Amino acid sequence: MLFDDEALDGSLPVTVSVLVPVAVDEAYSYRVPAGMRVCPGSIVRVPLGPREVIGVVRDIEEGATVARGRLKDILHVYDDVPPLKADLMLFLDWVANWTLSPPGMVARMVLRSEEALEPEAPLPGVRKVEGAEIERITKARARVLEFVEDGFAWTKSGLAGAAGVSPSVVDGLISHGVLEVVSMPASPPPPAPEPDREGPSLTPAQEAAVDSLRAAIGKGFSVFLIDGVTGSGKTEVYFEAVAEAIRQGRQVLLLLPEISLTSQFLDRFETRFGARPAEWHSDVPPKKRARVWRGAASGDVKVVVGARSALFLPFMDLGLIVVDEEHDTAYKQEDRVSYNARDMAVVRGKISGFTVALASATPSVESQVNALQGRYTRLELPERASGAALPDIIPIDMRTEGPERGRWLAPKLVEALAETVSDGAQALLFLNRRGYAPLTLCRTCGHRFQCPNCSTWLVEHRFRGRLQCHHCGYSEPVPNACPSCGNADTLVACGPGVERIAEEIADILPDAHTLVLSSDLPGGPDRLKREMKVIAEGGADIVIGTQLVAKGHNFPLMRLVGVVDADLGLAHGDPRAGERTFQIISQVTGRAGRIAGQGRGFLQTYAPEHPVIEALLANDRDAFYKSEIEARRASGLPPFGRLAALIFSGADRNQTADFARAVVRAAPHDQSVTLLGPAEAALSLVRGRHRFRALVMAPRAFDLQAYLRQWLKVAPKPRASLRLQVDVDPQSFL
DNA sequence: GTACGAAATGGC
DNA sequence: CCATTTCGTACC
């Protein structure tokens with residue numbers, strides 16, 4: 001379907017609509033200059049105002065949609081890369097429509113590697129000049145010549161490295177005319193993963209799951225939910241699905257929530273398939289990114305492992321997407337185009353007609369409901385692949401068997417800790433709160449330290465000697481005297497954070513080697529990686545950590561997990577609080593006893609009768625999902641009803657609130673709208689701007705889309721510095 | 001998203 | 001009063 005200006009009778013110039021990377025609803029029209037050939041999906045460079053941008057041709061236009069005089073010519077077609085395929089174009093439109101984002105901004109997500117559009121520059125290489133002889137031969141020179149004897153070209157540094165000589169030896173041979181500089185074809189296609197290498201032996205449950213997946217791959221659209229307890233070997237199962245897709249000659253995308261997981265993951269992949277997959281995430285340098293992008297487009301790259309943005313790669317023939325840890329909130333992008341990569345992966349599978357496999361030990365309620373309703377096929381892996389039993393979960397009722405005042409660990413837990421450490425095994429204490437104490441107040445006047453920007457308490461970080469706001473990053477030094485009444489030494493820390501638990505451990509088990517893991521650890525991600533390794537090798541007796549310890553890394557020696565405050569996180573008004581709490585505590589207690597022998601998990605709670613805590617204590621996943629689904633159904637919350645939030649930001653808090661109220665008044669069905677101020681929304685300062693959210697509820701997702709679109713039409717125009725942001729991702733709420 | 005002119009702030 | 005920052009708008 002090609003056309004240029006001769007394609008029509010020549011009287012009218014051909015115009016095409018082009019998606020340009022600006023926040024407008026429509027595509028812009030451009031003229032196709034004589035002799036240029038473009039088709040829908042062509043990647044083009046076009047003038048836009050004073051600059052030049054990269055866009056995608058959406059369609060041919062029948063009549064000009066814009067004044068003839070304003071039409072500009074397309075400057076260039078990138079024809080070294082294939083045009084975006086029709087199914088990807090459909091996907092982009094779908095995503096733009098669903099997220100209420102400008103289509104050009106969605107298209108931009110595909111075009112994020114500018115380098116990829118030009119062919120890779122050929123590398124300078126060296127090759128032996130045929131028949132050339134050198135008069136003065138040295139040992140080093142002889143070694144180099146050995147490698148180039150076969151006449152193949154090498155890179156200069158590659159040759160020097162292989163021969164074990166310095167690059168100057170190679171330079172010397174070039175100047176003597178023995179070697180010549182040639183241009184080498186840049187990077188050959190990466191080695192292909194081998195699907196038929198022998199995999200690990202599988203349990204019967206794994207085998208059954210693999211059979212179902214294999215049977216579906218290559219037979220059109222299907223979605224599977226691989227629902228397996230921690231340690232049940234989900235990875236091995238979906239690796240077999242990957243192998244099947246590769247066997248069928250198709251490409252595979254493996255989505256992971258955390259880039260920190262990839263190095264471990266890539267090793268496992270290499271063990272199974274004998275080659276590394278291509279990587280795609282924000283830390284991959286531009287040249288490598290460009291190679292992956294081109295490889296995906298050409299089909300040379302068979303498997304990509306990536307973060308959520310990999311979903312927008314222009315695969316030539318994608319045959320499977322695996323979304324690992326599908327419940328993970330990292331799949332959701334909040335800024336710019338707000339989307340959930342897990343849901344959009346399903347959409348991409350639906351549009352292009354291939355299999356999507358979601359995997360998790362603690363699937364999201366949405367996915368469980370989709371499985372119950374038959375939209376997804378659930379593959380259950382109820383047992384650990386190693387045969388190890390799941391940990392015993394032991395309740396600690398803090399109302400009757402809690403610690404004395406000023407302590408946070410119950411005697412029962414302390415006893416178990418001491419026992420575990422003296423056995424030479426490791427213990428993990430989980431508390432999802434950074435710092436020393438979440439609230440500081442004055443004993444004399446009752447003054448509470450609050451963030452001047454947000455309406456949250458300042459968290460004391462004793463190690464650093466500062467009071468910090470965990471919302472906006474504001475911080476101040478801990479004062480000696482109360483700023484309100486002026487009395488000295490009257491400030492008291494209320495409640496525990498991980499630092500305070502570490503202090504308590506140092507006091508009661510002074511000989512234990514303790515390590516605190518939290519995301520604000522000084523030293524950054526590298527330090528964190530090292531600490532993880534130290535733990536895995538047994539270099540710590542007790543690990544005290546925030547939610548960081550729930551994810552990824554295996555701690556083979558871990559035998560005991562203590563949850564310091566199981567109720568934390570259930571308190572707030574978030575309708576997903578129960579789900580999040582269940583997921584994180586399951587994942588953390590699942591760390592116990594995978595290898596180190598029968599594990600135990602202790603849950604300190606004030607609310608043992610809360611349905612979430614009850615299900616956790618009974619180690620009964622089904623009970624949790626049953627009660628949660630019932631509760632969601634009763635209140636019309638997702639996935640049964642849909643939520644969206646309109647986010648209002650502006651420099652002035654009162655003005656923002658006024659505007660938000662005006663928009664809510666303009667809404668067609670006011671009974672389904674709630675306006676949340678910064679305090680209630682637990683959000684206030686984002687890049688210096690206050691945010692308000694109006695929550696909208698509707699029974700079905702598409703009602704919500706239509707509703708918001710209508711609403712935005714009738715809403716007053718934002719004045720001055722006010723901005724309106726619509727967030728319609730079904731997973732997103734606060 | 002970004003570049004531009006217009007308007008508003010701010011220092012001497 | 002001019003220099004610098006901030007805001008509002010158009011971009012085909």
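Quick caveat, the model's predicted, so the values are computed rather than measured. What's counted below: heavy atoms across the whole structure, side chains too, no hydrogens, waters or symmetry copies. To find a chain, count down the sequence lines: A is the first, B the second, and so on, and within it residues start at 1.
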For this session: Could you verify whether a donor N or O on one side chain and an acceptor N or O on the other, from A:Ser475 and A:Arg466, lie under 3.5 Å apart?
Result: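 Distance-only check passes for A:Ser475 and A:Arg466.
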
Taking [atom1] from [X] and [atom2] from [N], how many angstroms apart are they, rounded to a whole number?
X	N	atom1	atom2	result
A:Tyr28	B:dT2	OH	C1'	12 Å
A:Lys72	C:dA10	NZ	P	15 Å
A:Glu52	B:dA3	CD	P	13 Å
A:Leu19	B:dG1	CG	C1'	15 Å
A:Arg58	C:dC12	CZ	P	18 Å
A:Asp25	C:dC12	CG	C1'	15 Å
A:Leu75	C:dC11	CG	C1'	14 Å
A:Leu48	C:dC12	CG	P	6 Å

Exercise. Checking A:Arg342 side chain against A:Glu326 main chain: does a donor-acceptor pair fall under 3.5 Å?
Worked result: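 Yes, because the side chain of A:Arg342 sits within donor-acceptor range (under 3.5 Å) of the backbone of A:Glu326.
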
Exercise. Is the shortest side-chain N to carboxylate O distance from A:Lys72 to A:Glu52 below 4.0 Å?
Worked result: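 Looking at A:Lys72 and A:Glu52, the cut-off is not met.
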
For this session: Return no unless some side-chain N or O of A:Arg51 is found under 4.0 Å from OP1 or OP2 of C:dC11.
Result: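 For C:dC11, OP1/OP2 do not have a side-chain N/O of A:Arg51 under 4.0 Å.
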
For this session: Let me see the working for A:Arg112 and A:Phe312 under side chain to side chain contact (heavy atoms under 4.5 Å, CB included), right down to the final yes or no.
Result: CA-CA 9 Å; A:Arg112 282 222 319 227; A:Phe312 292 92; over 6 Å; no

Exercise. Base, sugar-phosphate, or nothing: which does A:Val20 touch, judged by heavy atoms less than 4.0 Å apart?
Worked result: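 No contact.
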
